There are 2 protein chains.
Amino acid sequence: MPSETPTLTDVARLAGVSENTVSRVVRNKGSIAEETRRRVTSAIDQLGYVPNRAAGSLASSSSLIIGVLLPSLSNIVFPEVLRGIHAALVSTPYQPMIGVTDYDLRQEQKILASMLAWQPAAIITAGFEHTDESRRMLQSNRIRVAELMDIDNRPIDLAVGFSHRKAGRAAAEHLVRRGYRRIAYVGHDWTADRRAFFRYEGLCDGLQQAGLAVAAELRFNGPSSTLAGRDTLGRLQQQAGDVDAVVFSNDDMAVGGFMHCLGDGIDVPAQLALFGFNGLEIGQALPKPLSTIRSNRFLIGKTAAETLLQASERAVEPHIIDTGFDIIEGATA
Amino acid sequence: MPSETPTLTDVARLAGVSENTVSRVVRNKGSIAEETRRRVTSAIDQLGYVPNRAAGSLASSSSLIIGVLLPSLSNIVFPEVLRGIHAALVSTPYQPMIGVTDYDLRQEQKILASMLAWQPAAIITAGFEHTDESRRMLQSNRIRVAELMDIDNRPIDLAVGFSHRKAGRAAAEHLVRRGYRRIAYVGHDWTADRRAFFRYEGLCDGLQQAGLAVAAELRFNGPSSTLAGRDTLGRLQQQAGDVDAVVFSNDDMAVGGFMHCLGDGIDVPAQLALFGFNGLEIGQALPKPLSTIRSNRFLIGKTAAETLLQASERAVEPHIIDTGFDIIEGATA
DNA sequence: CTGTTAGCGCCTTCAT
DNA sequence: ATGAAGGCGCTAACAG
């Protein structure tokens, strides 16, 4: 039985050309006579030939793999970035290889090293914080590197995202414009999630600009979640009653806050205004749609992957793409 | 400058042994003299040697890649499965390569073919439906194959999941036990999401057993979402008012249903009981925790990956692992 | 326990 | 526009 997986050689033999010619047709490189191309293509179809990627990578010392480093999969934001990346790759021969760092830079370094063993065409990573060793690996390698989510830093090669500081400021301006004055903050642990901190800083800036300051604040000592948002707002209200608006570190937390208000019969936004961040679907499905900021995660992933594939070489200067954000007015603030 | 990435040969030269010996040390295969191993290990550290995976795959015609085929990343359930898979792989040299099929079997086939070009050690796929061609590829290849989520089918090699039919029946039994009699169903499009259909079937079975039938039903013509759940329950109530409980196709839909009730001032569960499926965090963060069924997605992914790695060869007979489910009593039904 | 010998399947370079 | 030769870095036999 001819059940063996066919190789370039088999195709070449059947088409009556050299292996090299087949390789050229497959990779769409160099010029090929129309007639030859037809013969080769038909031989490929006939045999059901699929190129062996390992052999290709070894010979060219570069693979069709795109390494994707994500801090987490629990936070829906990152699967959405991945979705964008996937959308950009699906019609190409590139395949995403993913790694989850759990917000741990040493873990990132470990995964990065083992990814580089595949000689990927590019690395996409969510965030700008790396160990020195990781940075060295990313810099020395001439592969393309995209750093996502944030543009408040100088990237190694390409940054795609938006300014979280500006987003925080925008939240402050929105609330001030609406007449809120005693504005509190409810957050989660930002030692790992640096961007949450940037937004907080922006919020403070924005309030200061209006002659205000954060009226009260409480941070849950762990990752963001609806439950954390609910409980933390509850605790904040016990400690500081005279607040008229709360900015949350993200929508998960804000939705939790809304739940707290529902449970305690607090009228939103009359008694207390709530403001989130991300623009998740769940926020818009609340009885009153959440006032928040839309961060376009899918677009960030897609743009990054597309941009990387446009050129196999780095530009001399790092490139920054701002995907922006917009305020979702909602009805809670 | 010696900035070239070191190869096996470099390590062998430095350690004063043959390449093969280094290879054995790296792969931890065969027996090596303690002294030799030390010399090799130190040479590896000194050079910062990282094996070239492409070369290894080519030579052994099998890679350290695990192909993961997911129908979607928008539904939080699948990122969680992926999280489980990742947890099982993180301390091994295996790397997950992911593909998203968008519930499209032709797309699955395409991605599968390009994954197999990497000669992965195993394929993990969520679901049992495949095109004939996909099935052929999975069967003929002697690589390991895990089919996840569901165990209501005969797998190719390994199935990990639970019976969605039984879960549906359990929902029915729970509601009947609680005294509900006019039980409706609110769902989403199940032509793609086969498991939702299985649960529906189980629900009907369970009701029938109690001499009942689905009192009313409405399916949103698209994927599940909170918004869809909210609107579809709204429409159902216009059409059929005399219902005392609603089973939703999943928690997303159920949470949406809860939002509808909040908005319309419907007392849950006194006027209308709500029952979901999945046990998502958001359901438990509602003012009244959602009554639902916990499906252990993380465990499914982790168990699958672990089990696959235990043996590189398929057993003669397909193997099925039931990860089970449990009822979360909650307060909405 | 270790070394030798052949490739794995493809791509690159250089010819023609 | 096509072909020939060589090698990418590693592993699989087989020797010893």
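All values below were derived from every heavy atom in this structure, side-chain atoms included, with hydrogens, water molecules and symmetry-related copies excluded. Just so we're on the same page: letters track the sequence lines, and every chain starts at 1. Just so you know, these numbers come straight off a predicted model, no measurement behind them.
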- Query: Between B:L58 and B:I32, which has a closest nucleotide on DNA chain C that is more 5'?
  - Reply: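 It is B:I32 whose nearest nucleotide is closer to the 5' end.
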- Would you mind telling me which residue lines up with the more 5' stretch of DNA chain C, B:A59 or A:S23, judged by nearest nucleotide?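 Residue closer to the 5' terminus by nearest nucleotide: B:A59.
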Is [X] touching bases, backbone alone, or none of the nucleic acid, heavy atoms closer than 4.0 Å?
X: B:L8; result: base
X: B:S61; result: nothing
X: A:N52; result: sugar-phosphate
X: B:S57; result: nothing

- Does the side chain of A:S18 get closer than 4.0 angstrom to OP1 or OP2 of D:dG3 through an N or O atom? yes
Minimum heavy-atom separation for [X] to [Y], with atom names?
X: B:I98; Y: A:Q95; answer: O-NE2, 4.2 Å
X: A:A87; Y: A:K302; answer: CB-CD, 4.1 Å
X: B:L148; Y: B:V81; answer: CD1-CG1, 3.6 Å

- Whole-Å distance between D:dT11 P and B:K29 NZ?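 Checked: the NZ to P distance equals 10 Å.
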- Rounded to the nearest Å, what distance is computed from the CG atom of residue B:L64 to the C1' atom of nucleotide D:dT11? 13 Å
- Message: For B:R24 and B:Y49, find the nucleotide of DNA chain D closest to each by heavy atoms; which residue's nucleotide sits nearer the 5' end?
- Response: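 Going by which nucleotide is closer to the 5' end, it is B:Y49.
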- Residue that, paired with A:V40, satisfies side-chain contact (heavy atoms from CB on, under 4.5 Å) out of A:I32, A:D45, A:V17: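 Filter result, single survivor: A:V17.
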- Close side-chain approach of B:D157 to B:P318, heavy-atom, < 4.5 Å: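 They are not in side-chain contact.
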- Message: Looking only at the side chains, is there a donor atom on one of B:H130 and B:E108 sitting less than 3.5 Å from an acceptor on the other?
- Response: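 Yes, because at least one side-chain N or O of B:H130 sits under 3.5 Å from a partner of the opposite role on B:E108.
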- Give the first and the last nucleotide of DNA chain C, reading 5' to 3', that has any atom under 4.0 Å from a heavy atom of chain B. C:dC1 to C:dG9
